[in-house]
Peer 1: 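I'd like to ask some things about the structure below.
Note that the structure is a prediction, hence the values are computed from the model and not measured.
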Amino acid sequence: MNIIELSAKRKEMQQHQRSIIGDIEIPYSLAKEWIETERAYQIKLANIESAKQASIIKQLSKENADLKKGIRA
């Protein structure tokens, strides 16, 4: 699954969760744990995505350098 599909699935799951929970009060410790987990998840996703983008940029830079060498030769 790509990021867009994951995002759509998460949004759907969150809406479903909200409809189930409704007006039930959630203990602070559980809410805090959920927020910390969500934050860690978001950071992990961002790191994965940035690593992919860095890899693409590195590859394109290498291809660009190779093309420039070919032009100069």
Side-chain angles (χ1 to χ4, degrees):
M1 262 189 205
N2 63 30
I3 295 288
I4 295 171
E5 291 169 336
L6 279 173
S7 176
K9 178 108 175 130
R10 273 183 77 246
K11 184 176 181 179
E12 179 185 321
M13 291 175 66
Q14 286 174 342
Q15 289 173 345
H16 181 67
Q17 178 185 9
R18 286 184 192 120
S19 67
I20 290 173
I21 293 175
D23 293 328
I24 299 173
E25 289 191 27
I26 300 171
Y28 173 78
S29 60
L30 180 60
K32 182 180 176 189
E33 182 180 354
W34 186 85
I35 290 169
E36 288 171 351
T37 302
E38 180 67 16
R39 182 176 181 270
Y41 169 80
Q42 292 294 334
I43 290 170
K44 183 70 171 175
L45 268 179
N47 287 340
I48 290 169
E49 189 61 27
S50 64
K52 286 179 186 178
Q53 290 177 2
S55 175
I56 291 169
I57 290 169
K58 184 177 179 182
Q59 179 62 32
L60 290 173
S61 294
K62 183 179 180 209
E63 289 175 13
N64 192 20
D66 291 345
L67 287 171
K68 285 180 181 178
K69 286 178 187 176
I71 291 171
R72 291 182 190 151

Peer 1: If only atom types and distance count, is the side chain of S55 paired as donor or acceptor with the main-chain N or O of A51 below 3.5 Å?
Peer 2: no
Peer 1: I'd like to check the side chain to side chain contact (heavy atoms under 4.5 Å, CB included) partners of E36; sequence neighbours left out, ordered by chain and number.
Peer 2: K32
Peer 1: Distance check, rounded to the nearest 0.5 Å: L30 atom CG versus T37 atom OG1?
Peer 2: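 Separation between the atoms: 9.5 Å.
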Peer 1: Atom OG of S61 and atom CD1 of I56: how far apart are they, to the nearest 0.5 Å?
Peer 2: 11.5 Å
Peer 1: Kindly write out the residues that satisfy side-chain hydrogen bond (donor to acceptor under 3.5 Å, both in side chains) with E63, not counting sequence neighbours, or none if the list is empty.
Peer 2: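 Counting only residues at least two positions away or on another chain, E63 forms a side-chain hydrogen bond (donor to acceptor under 3.5 Å, both in side chains) with Q59.
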Peer 1: Mind checking the CZ-CD1 spacing from R39 to I43? Nearest 0.5 Å is all I need.
Peer 2: 4.0 Å
